[in-house]
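This report refers to the structure that appears directly beneath it.
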Amino acid sequence: MEESHYLNCKSRAQNYNPPVDLRLLDYVSIYDNNLMCAICRCPFVDPVVLSECDHVFCRDCIRQSWNSNTSYTPLGPRGDCPTCRTPAKLGPRSATSKILVNLVDELVVHCPKRDDGCKAEVRRCEVQDHVNIYCGYTVIECTDDDCTLPVRRKDAAQGCLHFGVSCLSCHKELQKWKLEAHWRSECADRRVHCDMCKSSVFYRDLEAHRKEACPAMSVSCPGKALGCTSRSKRGHAELHAKSCTFAKLAPVLLKQQERLDEQEAAQKEMSRKLEVLEGGFQNMQGILYPPGVETSQRSADNSLTPSLQERLFGSGTAESTTPTGTAAGYDWTESAVDEDAVSPAETMHTAFSSATSPRQRAAPLPPGPRPADLPEPFSSDFDIASPTGFPPPATNGGPYASPLHHLLSMHESLRDEMTRVSSALSELDGRHSMQILNENLRTREEISYLAAQTAGLQRQVHWLTSSALQRQQGRSPTPGASSSGAGGAMMDAGAGAGVEAAVGAVSTAATALRGAARMVNVGGNGSGSGTGTGMRRGTSEEGRTKL
Amino acid sequence: MTAPLPKRIIKETERLQTEPVPGISAQPHDDNARYFDVMVQGPDGSCYEGGVFSLELFLPDDYPMTPPRIRFLTRIYHPNIDRLGRICLDVLKNNWSPALQIRTILLSIQALLGAPNPEDPLNEAVAKQWKENQGEAIKTAREWTKLYAQPKQ
Ligand SMILES: [Zn+2]
Ligand SMILES: [Zn+2]
Ligand SMILES: [Zn+2]
Ligand SMILES: [Zn+2]
Ligand SMILES: [Zn+2]
Ligand SMILES: [Zn+2]
Ligand SMILES: [Zn+2]
């Protein structure tokens with residue numbers, strides 16, 4: 001019966017309908033796992049028993065399995081049982097239990113044209129018949145006599161449907177008989193149900209719906225990048241986002257990250273610019289101060305300057321390269337450009353390219369008076385800033401953003417100069433007062449020496465006076481108290497005259513000494529008190545200069 | 001038009017999702033149902049305990065007549081697994097049987113982690129170490145597991 005069934009199918013087979021592959025069927029019946037082939041995992045199709053171990057497989061499955069790893073053998077297909085590895089060979093169909101065959105044949109399956117719309121459920125052994133004879137979704141030849149094109153069986157009665165139409169929804173051109181299938185499974189504008197949320201959407205929007213709108217789709221927290229691992233359905237995700245710290249922080253941090261990246265890019269740009277400008281400046285310096293190159297040779301460098309000029313102006317921030325000291329040569333040209341002053345182009349040219357021009361050559365020299373026609377307001381500043389006596393400050397100076405910055409830096413360097421000058425001055429001052437102090441010390445020593453001499457002299461005078469008095473007293477044998485007093489007075493007068501002469505001499509010496517002290521004073525007028533003492537002493541103890 | 005995916009592969013995939021094997025997961029790619037991302041946990045009590053090893057698994061066109069192709073993606077110190085992650089396992093080669101499935105193969109691999117076999121080596125250097133100084137080899141395997149096979153947060 002099975003054989004005839006098979007032949008029947010064969011004779012009716014049409015080009016349009018390949019034989020049904022029983023292993024691709026969807027089963028309606030729930031079947032026992034014991035009816036399942038271990039190789040194809042489907043209910044047995046044409047089961048065969050291995051007589052050596054009684055394991056059952058589909059005939060095709062076991063054949064394929066053995067063919068793939070053993071070569072052809074004359075005794076018929078043989079190999080190891082896939083389940084128990086017992087060497088076995090294929091038995092005849094008659095060896096298979098009829099019960100087993102019936103069990104698998106009776107299983108109910110869906111029509112293989114189910115996806116096209118057929119709702120039929122048939123027994124597995126009848127599915128080929130259903131497709132070949134009954135199924136409305138099977139493709140057959142057009143009933144129109146002149147037409148041999150395919151048409152679905154259920155549409156065949158409507159006559160020939162092989163004419164072009166266009167889909168009302170998507171306007172695709174197709175044949176009428178294919179329209180239903182198109183609407184069912186092709187048309188981009190057909191309605192489909194989202195299998196997550198069951199809502200009806202256009203097929204073309206399904207992808208976007210799943211990605212963006214489907215409330216049943218699980219999405220990750222907006223703070224995922226920050227470490228929140230929460231995933232929830234879109235509907236609940238909003239609730240979560242309200243409570244999640246990560247989600248709250250995410251926009252702020254993302255913005256910050258963005259700004260950070262921006263800044264980084266800007267900085268990179270700036271440093272690149274700076275590099276170019278520094279290179280340009282070094283070239284400039286090389287041209288302005290070629291090491292040990294004569295003026296006559298410098299003119300040879302003229303060929304270099306146009307490119308430099310181009311680079312400086314091409315960058316649009318030429319003034320930013322201007323380093324303070326050496327910039328004197330072309331700084332003012334910038335201001336000239338800014339103020340649109342007298343022939344800026346010409347001055348520029350002078351400054352940048354004519355290395356042999358007198359002004360250019362003068363630049364490294366101590367600055368003479370600038371030509372009066374130069375328009376810049378701060379030319380005098382440069383005169384101070386660029387003398388040869390001081391090294392040009394900040395030759396590696398960074399780029400200046402504007403002329404104002406340039407002025408400020410100029411001011412800064414001037415202030416530095418001032419500090420240096422004032423410190424030099426105070427050092428000089430200190431040295432000077434030290435010298436005077438030393439001089440004073442020497443004079444003071446001399447004066448104290450003189451004072452000691454005077455004291456000695458005084459003692460001598462005193463001794464002489466007293467001895468003279470004793471001699472006088474010795475001459476008068478009966479000296480009264482009063483007469484002795486008178487005589488003493490007389491004697492005093494005599495000695496006093498001598499002493500007075502000595503005192504006069506001493507006072508003239510004191511005048512000389514005071515003159516000397518005044519001279520010292522002029523030198524060390526700061527040390528007022530010391531000089532005062534010297535003078536006082538000078539008046540009291542001078543005569544020894546004379547002596 | 002490509003041949004429809006055999007029912008067997010669909011069923012195996014479904015069953016791997018609905019009845020997963022403990023310590024093993026296999027997820028097919030969205031764009032290729034024959035290509036799986038596999039995770040295998042190191043068996044408890046082995047020197048791979050605590051590690052989560054990722055593998056790739058591909059089912060050739062003639063599967064199940066030919067075995068699936070499997071490779072470790074995580075580095076592992078094992079005498080039967082070489083530096084490229086290839087596995088020396090008889091059921092993946094001559095002893096393949098169409099009655100075997102993805103889940104049984106993955107279980108075999110998990111068992112191989114629990115019982116390294118230095119007598120049938122794929123990685124000679126590791127096998128030598130394993131035979132000469134097993135303690136040191138096991139220590140290295142533990143270190144590698146810590147280093148390379150840590151589960152991602
Ligand atoms: Zn089978
Ligand atoms: Zn068997
Ligand atoms: Zn049907
Ligand atoms: Zn027709
Ligand atoms: Zn359409
Ligand atoms: Zn949805
Ligand atoms: Zn969150």
Side-chain angles (χ1 to χ4, degrees), chain A residues 18 20-27 31 33 35-45 50 53 55-70 77 79-88 107 109-110 112 114-115 124 207 210-211 220 224-231, chain B residues 1-21 25-31 33-34 36 39 52 57-69 89-108 150-153:
Chain A
V20 175
D21 185 344
L22 296 183
R23 287 189 189 84
L24 289 178
L25 293 175
D26 292 318
Y27 287 78
Y31 53 88
N33 272 347
L35 296 182
M36 193 171 72
C37 165
I39 296 175
C40 63
R41 304 266 149 203
C42 296
F44 295 113
V45 175
L50 301 185
C53 64
H55 281 126
V56 183
F57 301 94
C58 315
R59 186 170 293 270
D60 282 354
C61 287
I62 192 74
R63 265 174 195 267
Q64 272 187 49
S65 166
W66 286 349
N67 280 348
S68 64
N69 52 22
T70 51
D80 295 344
C81 167
T83 303
C84 67
R85 301 190 191 279
T86 306
L107 292 170
V109 297
H110 292 287
R114 186 188 181 195
D115 287 345
R124 198 181 79 172
E207 201 71 3
R210 282 192 185 140
K211 269 199 190 118
S220 40
K224 189 184 175 209
L226 303 176
C228 182
T229 52
S230 155
R231 279 186 76 89
Chain B
M1 190 179 146
T2 50
L5 201 63
K7 271 274 184 285
R8 162 161 175 161
I9 294 179
I10 296 170
K11 285 183 177 173
E12 277 201 64
T13 308
E14 272 175 11
R15 190 152 167 243
L16 280 168
Q17 313 298 322
T18 54
E19 298 169 51
V21 193
S25 80
Q27 193 74 41
H29 276 208
D30 288 338
D31 52 352
R34 289 175 177 271
F36 291 74
M39 294 292 207
V52 173
L57 183 150
F58 179 72
L59 304 174
D61 281 343
D62 44 2
Y63 177 83
M65 299 312 157
T66 54
R69 285 184 230 140
L89 191 63
D90 57 350
V91 289
L92 286 174
K93 295 180 180 143
N94 301 330
N95 272 341
W96 169 253
S97 149
L100 294 170
Q101 305 173 55
I102 297 174
R103 61 168 57 225
T104 48
I105 286 299
L106 293 181
L107 275 169
S108 307
Q150 285 316 296
K152 292 181 187 76
Q153 269 83 33

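Order of the sequence lines sets the chain letters (A, B, ...), proteins ahead of strands, with each chain counted from 1.
- Closest approach of A:L24 to B:P4, counting heavy atoms only: CD1-CG, 3.6 Å.
- Minimum heavy-atom separation, B:S97 to A:T83: OG-N, 4.3 Å.
- Interface remark: B:L5 contributes backbone atoms only to the contact with chain A (heavy atom separation under 4.5 Å).
- Only the backbone of A:L25 has a heavy atom closer than 4.5 Å to any heavy atom of chain B.
- Separation of atoms CZ (A:R85) and CG (B:N95) is listed at 4.5 Å; rounding is to 0.5 Å.
- One distance of note links CZ of A:R63 with CE of B:M65; it measures 12.5 Å at 0.5 Å rounding.
- The minimum heavy-atom distance linking A:R41 with B:K11 is given by the pair O-NZ, 2.8 Å.
- Within 6.0 Å of atom NZ in A:K211, 12 or fewer heavy atoms from other residues, nucleotides or ligands are found, so the atom counts as exposed in its surroundings.
- Summarising the local packing, CG of B:D30 is surrounded by 12 or fewer heavy atoms from other residues, nucleotides or ligands at distances under 6.0 Å.
- Residues A:C42 and B:K7 share a closest heavy-atom pair of SG-CB, 3.8 Å.
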